[in-house]
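Only this structure's heavy atoms are used, side chains among them; waters, hydrogens and symmetry mates stay out.
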Amino acid sequence: MDDQANLLPLYEQVRRSILAGIESGQFAEGSFLPAEPELMALYGVSRITLRRAIGELCADGRLQRQQGRGTVIMPGKVRQTLVSLSGFSETMDGLGRKAGHRILARDDNPDAPAIRERLKAGALIRFDRLLEDDGRPMTLETLWFDGSRFPEVTAPVAAGGSFFAALRDRAGIVPAHAERQIDVGLASAAERTILAVTAAQPVYRIEKIVTDAEGRPLALSQLVTPSHLVTYTIKT
């Protein structure tokens, strides 16, 4: 380590060394960290120092402790462009990852007059979905769209397919615009259980409305994503 690094607290030096090992491939994503005695010997530190370094990385979402198994190395953050019109599946495909849409609930006639009005929907449909990245919980989504306008889209979405793909392939419609509102907060108890986050880990709360080339609303999504899983960028 250089002189500047040596000025850092010892646990921070170890944290950075472990992170560098992950980024270099020394510790592979999806695998478990070596046992504590091995890491203590590798970095020449005490168990207390090592555990604090690992705790910091767990809080950042880079590591995850699994009871009775060890500490697993989590995949790096997904980078998403805020002005992109790509759906979740398209974004994951572009990163070489496998997207999944797990249906948690469905309501074919939800009591949501404000959303019905915003979408100008004749037959409002709501899907609660868990969006997964290579089988890992990533985002809770509440998806709303007009089932009477897009009857051919409902079955593919109910089967766990991409809404954007069904809209394109079944209805021949490609979204032209998207507007997003982003807030940061904490997850509810139910959300924490599904997303496997702690009460202290912040989440993004995003509302996205997608429209066609004429400005007509196609769908509205309300998304909850742990902030340690995603980095958002803006292109102008």
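- Side-chain N or O atoms of Gln201 include one that pairs as donor or acceptor with a backbone N or O of Thr198 at under 3.5 Å.
- The CG atom of Leu218 sits 5.0 Å away from the CZ atom of Phe150 when rounded to the nearest 0.5 Å.
- Listed by chain and number, the residues in a side chain to side chain contact (heavy atoms under 4.5 Å, CB included) with Thr193 amount to none (sequence neighbours excluded).
- Ile206 CD1 to Thr139 OG1: the interatomic distance, rounded to the nearest 0.5 Å, is 7.5 Å.
- Ile103 places none of its side-chain heavy atoms less than 4.5 Å from the side chain of Asp128.
- Counting all heavy atoms, side chain and backbone alike, Pro226 lies closest to Val197 at CG-CG1, 3.6 Å.
- Screening residues 190-229 for ring pair (Phe, Tyr, Trp, His ring centres under 6.0 Å) gives Tyr204-Tyr232 as the qualifying pairs, with residues at least two apart or on separate chains.
- In the hydrophobic clustering of ILVMFWY residues, with side-chain heavy atoms under 4.5 Å counting as a link, Val230 and Ile182 come out together.
- When all heavy atoms of Trp144 and Leu119 are compared, the closest pair comes out as O-CD1, 3.6 Å.
- Under the side chain to side chain contact (heavy atoms under 4.5 Å, CB included) criterion, Pro151 pairs with no residue, sequence neighbours left out.
- By the rule that hydrophobic residues join a cluster once side-chain heavy atoms approach within less than 4.5 Å of another member, Leu50 and Leu19 end up as members of one cluster.
- No donor-acceptor pair under 3.5 Å is formed between the side chain of Asp212 and the backbone N or O of Pro175.
- When side chains are defined from C-beta on, Leu33 counts as touching Ile18, because their heavy atoms get closer than 4.5 Å.
- The pair Glu179-Lys208 fails the salt-bridge criterion, with no side-chain N (NZ, NE, NH1 or NH2) lying under 4.0 Å from an Asp/Glu carboxylate O.
- The side-chain heavy atoms of Gln181 and Gln222, taken from C-beta on, include no pair separated by under 4.5 Å.
- You'll find the side chain of Leu39 reaches within 4.5 Å of the side chain of Phe27, heavy atoms only.
- One hydrophobic cluster, built from ILVMFWY side chains closer than 4.5 Å, holds both Leu229 and Val184.
- A salt bridge links Arg118 to Glu207: at least one charged side-chain nitrogen sits closer than 4.0 Å to a carboxylate oxygen.
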Requested in this report: Under the salt bridge (Lys or Arg N to Asp or Glu O under 4.0 Å) rule, what do Arg16 and Glu23 come out as? Steps first, then yes or no, please.
Outcome: CA-CA 10 Å; Arg16 294 188 180 194; Glu23 293 174 347; over 6 Å; no
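- Counting only distance, with no hydrogens or angles, the side chain of Glu141 and the backbone of Leu131 share no donor-acceptor pair below 3.5 Å.
- Note on ring orientation: taking the six-membered ring where Trp is involved, the planes of Phe145 and Phe127 are parallel (angle under 30°, cut-offs 30° and 60°).
- A 4.5 Å side-chain heavy-atom check between Leu63 and Ile73 finds at least one atom pair inside the cut-off.
- Between Val45 and Leu10, some side-chain heavy-atom pair lies under the 4.5 Å cut-off.
- Transitive grouping of hydrophobic side chains (ILVMFWY, heavy atoms separated by less than 4.5 Å) brings Phe164 and Ile173 into a common cluster.
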Note to self: If you apply the rule side-chain contact (heavy atoms from CB on, under 4.5 Å), what do you find for Ser17 with Tyr43, and how did you get there?
What the structure shows: CA-CA 8 Å; Ser17 295; Tyr43 297 117; 3.5 Å; yes
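- Sparse packing is recorded around CZ of Arg102, with 12 or fewer heavy atoms of other residues, nucleotides or ligands lying under 6.0 Å away.
- Closest of all the heavy-atom pairs between Ala171 and Val153 is CB-CG2, 4.3 Å.
- Side-chain atoms of Arg205 come within 3.5 Å of backbone N or O of Leu186 as a donor-acceptor pair.
- Looking only at distances, no side-chain donor or acceptor of Arg126 sits under 3.5 Å from a matching main-chain atom of Arg106.
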Run the numbers on Ile209 and Arg180 for side-chain contact (heavy atoms from CB on, under 4.5 Å), then give the verdict. CA-CA 7 Å; Ile209 187 163; Arg180 295 174 175 87; over 6 Å; no
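- The two atoms that bring Met138 and Leu130 nearest to each other are N-CD1, 4.4 Å, heavy atoms only.
- Residues satisfying the side-chain hydrogen bond (donor to acceptor under 3.5 Å, both in side chains) criterion with Thr49, sequence neighbours excluded, are Ser46.
- Here the closest heavy-atom approach between residue Phe32 and residue Gly70 is recorded as CD2-C, 3.7 Å.
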Check against side-chain contact (heavy atoms from CB on, under 4.5 Å), Asp108 and Thr154 | CA-CA 10 Å; Asp108 286 2; Thr154 304; 5.5 Å; no
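- At a threshold of 4.0 Å, the pair Glu36-Arg51 counts as salt-bridged, since one of the basic side-chain nitrogens sits closer than that to a carboxylate oxygen.
- Annotation: side-chain hydrogen bond (donor to acceptor under 3.5 Å, both in side chains) contacts of Asp133 (sequence neighbours excluded): Arg97, Arg136.
- Leu140 has its side chain out of reach of Leu223: every pair of non-hydrogen atoms, C-beta onward, lies at least 4.5 Å apart.
- Shown here are the side-chain hydrogen bond (donor to acceptor under 3.5 Å, both in side chains) partners of Glu117, two or more places apart in sequence or in another chain: Lys120.
- Across all non-hydrogen atoms, the minimal contact from Pro156 to Arg170 is CG-NH1, 3.5 Å.
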Applying side-chain contact (heavy atoms from CB on, under 4.5 Å), run through Leu143 and Val157 and close with a yes or a no.
CA-CA 10 Å; Leu143 170 67; Val157 172; 4.2 Å; yes
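- Hydrophobic clustering, with ILVMFWY side chains joined whenever heavy atoms are under 4.5 angstrom apart, groups Leu57 together with Ile54.
- With a 4.5 Å cut-off on side-chain heavy atoms, Glu12 and Arg15 count as touching.
- One distance of note links CZ of Arg129 with CG of Leu104; it measures 10.0 Å at 0.5 Å rounding.
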